[in-house]
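Worksheet for the structure shown next.
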Amino acid sequence: MGFYSTVMDEITWYTGLSPTAFFTIAAMMLVVYKTISGMFVSPEDYNKPPVISARTSSRFDHTEPQREPVQLGEITEQELRQYNGSDPAKPLLIAIKGQIYDVSSGRNFYGPGGAYAMFTGKECSRALALLSFKPDDINGNLEGLDESELAILEDWEYKFIEKYPKVGQLVPGQRPLQNEHNEQVQNNLNLDEAKEEPK
């Protein structure tokens, strides 16, 4: 009992408050601290783009059965644009550093009306590295990025590798088979024109 009364006397002497008032104020300070600190972002979440819930419409309330990812192989950026969510029968695809990922399981975020829908059907490496939603940044050009931006892009790439299946990779321009096919069609047209010309 001597220790308790000594502590209470010291609190009164040091603070000028009764022990009851002291502990009430201390408890209120703790509650205010927890409330205020919960309003701020932690340092590790500071550089991440904002996450906006896409569940503002009842159309997201039903769940669709998961489809098996379709392996596309090599496709061009022009072909990738077909997988932007405008056709519900096609998967949602995003390319990062030339690798294509099926993000259909994240339809709430990447589907039409989702927070990241502008990335779907596109190569979006630069935008992810810069944490940008600007249409001009949604491309695969990595020129001019510094080490910290490339590290951010690498973090995004690892997240996609862990969460979404890889279904193909981007190739520049037209596919080689299409080029050969176009040459064959052109040759056939030239032969037909040569046969029709009078001599």
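The figures that follow rest on heavy atoms only: side chains count, while hydrogens, waters and symmetry mates do not. Quick caveat, the model's predicted, so the values are computed rather than measured.
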(request) Could you tell me which residues satisfy side chain to side chain donor-acceptor pair (under 3.5 Å) with Glu162, sequence neighbours excluded, listed by chain and number? (result)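 Result, side chain to side chain donor-acceptor pair (under 3.5 Å) vs Glu162: none returned.
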(message) Which residues pass the side chain to side chain donor-acceptor pair (under 3.5 Å) test with Ser86, not counting sequence neighbours?
(response)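 Per chain and number, Ser86 pairs via side chain to side chain donor-acceptor pair (under 3.5 Å) with Asn84.
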Measure the [atom1]-[atom2] distance between [X] and [Y] for me, rounded to the nearest 0.5 Å.
X      : Y      : atom1 : atom2 : result
Leu150 : Leu145 : CG    : CG    : 5.0 Å
Ile138 : Leu130 : CD1   : CG    : 11.0 Å
Glu154 : Ser125 : CD    : OG    : 12.0 Å

Please list every donor-acceptor pair under 3.5 Å in which a side-chain atom of residues 93-103 meets a protein atom from a residue at least two apart or in another chain.
residue: Lys97; atom: NZ; partner: Glu157; partner atom: OE1; Å: 3.1
residue: Gln99; atom: OE1; partner: Lys166; partner atom: NZ; Å: 2.7
residue: Asp102; atom: OD1; partner: Ser104; partner atom: N; Å: 2.9
residue: Asp102; atom: OD1; partner: Ser104; partner atom: OG; Å: 2.6

Joint hydrophobic cluster, [X] plus [Y], side-chain heavy atoms closer than 4.5 Å:
X     : Y     : result
Val7  : Trp13 : no
Leu30 : Ile25 : no
Phe3  : Ile11 : yes
Ile36 : Tyr33 : no
Phe23 : Tyr4  : yes

Partner residues of [X] under the side chain to side chain contact (heavy atoms under 4.5 Å, CB included) criterion, sequence neighbours left out:
X     : result
Tyr14 : none
Thr12 : Pro19
Ala21 : Leu17, Ser18
Gln82 : Glu79, Lys90

(request) Could you list the residues that satisfy ring pair (Phe, Tyr, Trp, His ring centres under 6.0 Å) with Phe119, not counting sequence neighbours? (result)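 If we apply the ring pair (Phe, Tyr, Trp, His ring centres under 6.0 Å) test to Phe119, skipping adjacent residues, the hits are Phe133.
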(request) Would you mind listing every salt bridge (Lys or Arg N to Asp or Glu O under 4.0 Å) that reaches into residues 122-150, with sequence neighbours excluded? (result)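 The answer is none; no pair qualifies.
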(request) Take Leu128 and Asp155 through the side chain to side chain contact (heavy atoms under 4.5 Å, CB included) test and state the conclusion after the steps. (result) CA-CA 10 Å; Leu128 292 175; Asp155 287 345; over 6 Å; no
(request) Please write out which residues are connected to Val31 in a hydrophobic cluster, directly or through intermediates, given that two of Ile, Leu, Val, Met, Phe, Trp, Tyr count as joined at side-chain heavy-atom separations below 4.5 angstrom. (result)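 Same cluster as Val31: nobody, lone residue.
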